[in-house]
Each structure stands twice: as C-alpha cells, then as structure tokens.
Amino acid sequence: MVREWKQVADVLREDCDGSQVELRGWIYRTRGSNKMLFIVLRDSSGIIQCVGSRNDLGDGPFDLARSLMVESSIIVRGKISPDSRAPGGFELQMNALEAVSPAEPFPITKDQSEEYLRDMRHLWLRSRKLTAIMRVRSTLTGAIHDFFRGKGFHEFTPPIFTPNSCEGGSTLFEVNYYDRKIYLTQSWQLYAEAAVFALEKIYDVSPTFRAERSKTSRHLSEFWMAEMESAWMTYMDVIEIAQEEIKFIIGRILERNRADLEVLDVDREMLGSYLQKEWKVITYTEALKILKERAGMEVEWGKDLRTIEEDKLMEFFDAPLTVIQYPKETMAFYKPMEGDAPDAPGPVAKCFDMLAPSGYGEIVGGSERETDLDALMDSLRKEGEDPKDYEWYLDLRRYGSVPHSGYGLGVERLLSWICGLDNIKDAIPFPRTMKRISP
RNA sequence: GCCGCAGUAGCUUAGUUGGAUAGAGCGUACGACUGUUAAUCGUAAGGUCAUCGGUUCGAAUCCGCUCUGCGGCGCCA
C-alpha cells in the first residue's frame with residue numbers, strides 16, 4: 001500500500017485538525033540550537049516551517065537533522081498547528097524525520113549574481129521565483145490552447161527543419177542535414193498558410209529560432225511563439241482575436257496563480273485593470289504624429305519605429321497598443337498593400353504590431369497575407385529572393401486562394417510583461433542566447 | 001555589425017598618486033545556545049587577484065592581446 005503524504009499548499013489550505021501528516025520535500029532553510037531545530041521545507045507547492053526538539057525527535061534523528069544541508073531531500077511527519085511565530089502562520093511539529101538523500105553544500109547561497117544564477121540554472125530552477133514563473137508559464141500556454149480550441153481552432157504543428165527562410169535569411173540557424181544546408185524554423189507562417197485552406201482556423205505553440213545578434217534583455221535565440229492563422233479573416237479581425245486572447249490569458253493567470261503572482265510581487269489589481277481598459281488601435285502615421293506633437297520626436301515617414309520611439313509612444317498609453325499600417329516598403333514580402341489609408345503619405349501594409357506597456361516591447365506581430373500571385377512574386381524579387389524557391393508557397397495562390405490573416409505572439413515577451421520580469425531569460429527554463437547555451 | 005561595462009576565496013565583494021603577510025560578509029568545518037525568521041556568538045580552513053605579454057626597483061592597481069560573461073543600439077517576438 002502506498003503511504004499517503006500531503007503537499008505543503010494543501011495543509012496550509014485545510015483547516016488543521018491536529019492529525020498526523022506526512023510531508024515530502026527539500027530543505028529550504030535550517031536554523032536552530034542544540035535543543036531546538038527549525039527546518040523550512042519546500043515542495044513544488046510552497047514552503048512551511050517544521051520544528052523539532054531534541055526531546056521529540058530523539059538524539060539520533062535530531063543530530064542527523066542538524067547535519068542536513070540545504071536542498072537535502074527529506075520526509076517528515078508530525079502535527080500541523082497554527083503558530084504566530086512561523087512564517088505563513090502554520091508550522092509542523094515534527095516527531096519523525098527521514099533523510100532521503102543528504103545534499104552536498106548547495107552552491108547557491110544568500111549572495112548571487114545574475115550571471116552565476118544562470119550558470120546554476122539547473123539548480124536555480126528550484127527557487128521560489130523560478131518555480132512561480134514556470135507555473136505561470138504553464139498556465140499561460142495552457143490558456144492559449146483552451147482559448148483557441150474554445151473558438152473552434154485546430155492545433156496545427158509546423159516542421160522545425162525548413163528549407164527556406166521566411167522573413168529574411170540573415171537570422172536563420174543553419175543545420176547540416178545529411179550534408180545539405182537547411183535551417184531551423186523562424187516562423188510557422190508559410191506552412192500555416194498551406195493548412196488554412198484545409199482547416200480554415202488553426203493555431204500552434206511551438207519553438208522558434210532566430211540568429212539575431214541581439215544582446216538585450218528582450219531577446220532569445222530560441223523562444224516560443226503562439227501563432228494563429230485563419231481563412232476569411234482580415235488583419236483587423238485578427239487584431240480583435242489577439243486582444244481577446246491576451247485578456248483570456250491574463251484572466252486565467254489571475255484566477256489560477258494568485259500565490260505565484262504574490263511571490264513575483266506582481267500587482268494583481270494593476271494586472272486585472274488591463275481587462276477593463278480600452279486597448280487602442282492607431283495607425284503608424286498617427287503614431288508618428290503623437291511622437292512629434294507630444295514628445296517632440298521627429299521620425300521620418302517610412303522608417304520603422306525603433307525601441308526608443310516605441311517606449312516613448314507607450315508612455316501615452318496604459319494598455320497594450322496596436323499600431324497598424326506600417327510602410328509597405330519595410331515589410332516582409334507576404335504583407336499586402338492597404339488601399340484604404342487616407343492619412344498615409346505613402347503605401348502601407350495590412351499589418352500590425354501590438355506593443356506591451358512599460359517597455360516590454362512588441363508582443364504580437366501579424367498581418368493579412370498577400371493573395372495575388374503577381375504581387376507576391378514582385379515582392380519576392382524585390383527582397384532578392386528567387387520565386388522558384390517558393391514554388392509550393394506560390395501554388396497556394398494558384399488553387400483557390402482566399403483572404404487570410406494571422407499573427408505570432410511571443411510567449412516569453414508576454415510572460416515577462418505579465419510577471420514584471422526584468423529579463424526575458426527568466427521567462428524560459430533554459431535560455432539560449434548568442435553567448436549562452438548551457439546548462 | 002556598432003558602442004559600453006565587468007572578471008579578486010565556493011558565492012557577494014573591499015582594495016588609487018603603483019609599495020611589504022590582499023581585507024570582509026555569506027557558505028563550509030568545529031564549538032556554544034530550547035522559538036529561530038536567509039538566527040546569534042567564538043574558532044578555523046579556504047586566494048597562481050581570468051589568461052598571456054609589456055612598463056617598473058616593485059603591478060590586483062598602469063598599458064596591450066586573448067578568453068569569458070553582461071548590457072545598450074540596430075533587427076525582431
């Protein structure tokens with residue numbers, strides 16, 4: 001028969017009736033004297049203080065317990081009781097303690113640098129901060145699946161190895177594939193466009209690889225994108241879906257990760273307020289006007305918004321902002337021209353970016369897709385690509401194309417914003433950047 | 001690709017006109033302590049000052065190369 005044990009969060013939640021419980025976990029902290037011992041026990045659900053006296057445990061177990069170091073795995077038994085002196089308000093009065101596996105001196109102690117913690121990532125995952133983040137991450141990706149499935153979307157998984165680029169080849173990771181050169185995927189998009197004529201409404205959550213030489217707190221070489229693509233929808237339609245999706249995610253996290261948000265020191269009221277606020281949509285041309293009139297920043301029409309301009313722009317908005325209709329010139333080949341843009345001095349694309357508040361940058365990028373075969377081939381040539389390399393993609397326009405749109409949401413960017421992280425590297429378990437591939 | 005910052009015990013660090021045995025806190029070991037909140041007190045071990053080269057009577061300190069990491073720009077999610 002399997003012996004029963006409980007999780008820390010469960011015993012803290014239940015009314016403690018004074019009965020005997022067993023807990024299994026790891027030593028988070030120890031302190032004490034030669035008569036009295038305090039062990040803060042950690043499991044995946046939380047921490048609780050366990051108290052033992054030499055009298056209650058006996059000399060052998062007591063001395064063993066005193067010798068155990070942080071992160072030793074243990075099983076303890078005793079009675080839960082309220083105590084104002086215990087962190088969390090409850091503690092376990094131990095009458096038995098069993099060492100499962102004593103730990104060597106744990107390398108992570110009180111003083112830690114970010115760099116060291118990243119070297120020790122395999123151990124730092126056990127920290128309250130990282131566990132909280134990873135739990136929120138799990139809620140986040142789970143919410144994406146629930147959101148799209150609830151709307152009749154099908155999960156569609158793209159290949160990770162791809163023969164050609166999607167948005168410019170300079171940022172692709174090359175792979176030796178049976179002595180041929182191929183690449184790790186940068187976006188599911190071209191494949192999604194093939195699938196959309198079969199399934200109509202699709203989504204995915206999958207890894208993406210970009211060899212951008214970016215060394216910032218907002219970039220990873222390997223990250224996860226949550227993408228959607230839908231037949232018959234315009235880019236304005238999918239903007240609404242993106243807004244709905246993110247609100248759904250935030251709502252789900254507020255509902256399920258209360259304790260984690262507390263550990264991360266996230267202002268839950270602030271987070272909840274985004275669900276009430278209006279998420280504005282403005283054009284690129286309007287954005288330039290705002291920058292000029294309210295911030296005195298002059299941006300030449302046609303130039304892409306840079307980080308400094310995006311950050312400035314977001315100072316005037318208190319919820320995610322969608323900027324639409326960027327100049328066609330700077331956009332990827334598959335983004336079609338918007339004919340109806342009276343305020344723009346030049347051709348603009350049916351595209352959008354969603355910017356998160358407080359400097360977290362672009363969290364979503366999307367567009368309508370070009371359906372006209374000739375326009376597509378022209379754009380490809382302009383980007384220096386050979387249309388021949390895109391034959392199968394161009395086929396999609398030859399056999400019953402329909403208007404369709406989609407977007408990609410950066411999972412780690414969104415998680416960083418929601419959790420208030422100061423570095424995107426903490427939003428993924430084992431970050432891969434230009435300078436770091438281990439652990 | 002461009003610009004900037006950093007590297008001293010296991011960890012966090014002090015260390016400037018260049019000067020003799022490079023200080024400390026945490027952690028660890030041993031000891032004391034019956035209510036601690038990353039306890040406190042005592043003792044101890046632990047350092048080729050990232051590497052290589054140069055300047056100098058003398059380099060952790062000044063100069064140069066290299067290595068490693070971090071951040072900003074650009075690009076992007």
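These numbers come from a predicted model, not from an experiment. Numbers restart at 1 for each chain; the letters A, B, ... are given by sequence-line order, proteins then strands.
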Applying a 4.0 Å non-hydrogen cut-off, can you work out what [X] is touching in the nucleic acid: base, sugar-phosphate, or nothing?
X       : value
L220(A) : base
V411(A) : nothing
T330(A) : nothing
Y116(A) : sugar-phosphate
R66(A)  : base
N423(A) : sugar-phosphate
E412(A) : nothing
K425(A) : sugar-phosphate
D83(A)  : base
D119(A) : nothing

Identify which nucleotide among [options] has an atom closest to any side-chain atom of [X], counting heavy atoms from C-beta outward.
X       : options                : result
R31(A)  : C70(B), A38(B), A77(B) : A38(B)
T307(A) : C70(B), C73(B), A77(B) : C73(B)
E310(A) : C76(B), C75(B), G71(B) : C76(B)

salt_bridge([X], [Y]) N-O dist < 4.0 Å:
X       : Y       : value
E412(A) : K425(A) : no
K312(A) : E309(A) : no
D43(A)  : R24(A)  : no
R381(A) : E385(A) : no
D119(A) : R436(A) : yes
E222(A) : R432(A) : no
R126(A) : E71(A)  : yes
R121(A) : D426(A) : yes
R13(A)  : D10(A)  : yes
K201(A) : E229(A) : no
R149(A) : E155(A) : yes

Find the distance [X]:[atom1] to [N]:[atom2] and express it as a whole number of Å.
X       : N      : atom1 : atom2 : result
D63(A)  : G31(B) : CG    : C1'   : 14 Å
M120(A) : G10(B) : CE    : C1'   : 9 Å
R413(A) : A77(B) : CZ    : P     : 8 Å
N34(A)  : U40(B) : CG    : C1'   : 14 Å
E91(A)  : U36(B) : CD    : C1'   : 10 Å
Q112(A) : U13(B) : CD    : C1'   : 14 Å
H219(A) : C73(B) : NE2   : C1'   : 11 Å
R218(A) : G74(B) : CZ    : P     : 8 Å

Can you list the stems that RNA chain B is part of, where a stem is at least 3 pairs in a row, each Watson-Crick or G-U, with both distances below 3.5 Å?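 Stems found: B:1-7 with B:67-73, B:10-13 with B:23-26, B:28-32 with B:40-44, B:52-54 with B:62-64.
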Distance check, [atom1] atoms only: [N] and [M], in whole angstrom units.
N      : M      : atom1 : answer
A50(B) : G64(B) : C1'   : 16 Å
C65(B) : G25(B) : C1'   : 36 Å
G35(B) : U48(B) : P     : 42 Å
A22(B) : C41(B) : C1'   : 27 Å
A77(B) : G53(B) : C1'   : 45 Å
U17(B) : U13(B) : P     : 23 Å
G42(B) : C63(B) : P     : 41 Å
G69(B) : A32(B) : C1'   : 43 Å

Report, one pair per line, the protein and nucleotides 22-24 of chain B atoms (nitrogen or oxygen only) whose separation is under 3.5 Å.
none

Pick the nucleotide of RNA chain B nearest each of I308(A) and M434(A); which residue has the one closer to the 5' end?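 That would be M434(A).
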More 5' along RNA chain B: S113(A) or R29(A), using each one's nearest nucleotide?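 The answer here is S113(A).
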Determine whether any donor atom in the side chain of S214(A) lies under 3.5 Å from an acceptor atom in the base of C75(B), or the reverse, and answer yes or no.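 Side chain to base: pair present.
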Using the six-membered ring of F173(A), assess whether NZ or CZ of R210(A) lies under 6.0 Å from its centre and within 45 degrees of the ring axis.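 The answer is no; the distance or angle limit is not met.
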If the condition is ring pair (Phe, Tyr, Trp, His ring centres under 6.0 Å), which residues does F153(A) pass it with, not counting sequence neighbours?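 With neighbours one apart ignored, the set is F148(A).
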Any side-chain N or O of S217(A) less than 4.0 Å from the OP1 or OP2 oxygen of G72(B)?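 For S217(A), the contact criterion (side-chain N or O under 4.0 Å from OP1 or OP2 of G72(B)) is met.
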Could you tell me whether the phosphate oxygens of C76(B), OP1 or OP2, come under 4.0 Å of any side-chain nitrogen or oxygen in R306(A)?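 Looking at the OP1 and OP2 atoms of C76(B), neither is under 4.0 Å from any side-chain N or O of R306(A).
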Could you tell me whether M134(A) atom CE has more than 12 heavy atoms of other residues or ligands within 6.0 Å of it?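 Enclosed.
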Determine, answering yes or no, if F223(A) is stacked on A77(B) under the 5.5 Å centre rule and the 30° plane rule.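 Yes, the aromatic ring of F223(A) stacks with the base.
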Check whether Y334(A) reaches the backbone of Q189(A) with its side chain - one donor and one acceptor, N or O, closer than 3.5 Å.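 Not confirmed, Y334(A) side chain does not pair with Q189(A) backbone.
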Which label fits F156(A) and W188(A): parallel for a plane angle under 30°, tilted from 30 to 60°, or perpendicular past 60°?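 F156(A) and W188(A): tilted rings.
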List, with names and distances, any nitrogen or oxygen atoms from the protein found under 3.5 Å away from nitrogen or oxygen atoms belonging to nucleotides 25-30 of chain B.
residue: G25(B); atom: N2; partner: D111(A); partner atom: OD2; Å: 3.1

Does Q325(A) form a side chain to side chain donor-acceptor pair (under 3.5 Å) with Y235(A)? I'd like the steps, not just the answer. CA-CA 10 Å; Q325(A) 298 174 1; Y235(A) 70 111; 3.0 Å; yes
Protein and nucleotides 2-4 of chain B: nitrogen or oxygen contacts under 3.5 angstrom:
residue: C2(B); atom: N4; partner: K215(A); partner atom: NZ; Å: 3.1

I need the full list of side-chain hydrogen bond (donor to acceptor under 3.5 Å, both in side chains) pairs touching residues 237-254 of chain A, with sequence neighbours left out, sorted by first then second residue.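 As it turns out, the side-chain hydrogen bond (donor to acceptor under 3.5 Å, both in side chains) pairs with a partner in residues 237-254 of chain A, which skip direct neighbours, are D146(A)-R252(A), K151(A)-E244(A), T234(A)-D237(A), E245(A)-Y407(A).
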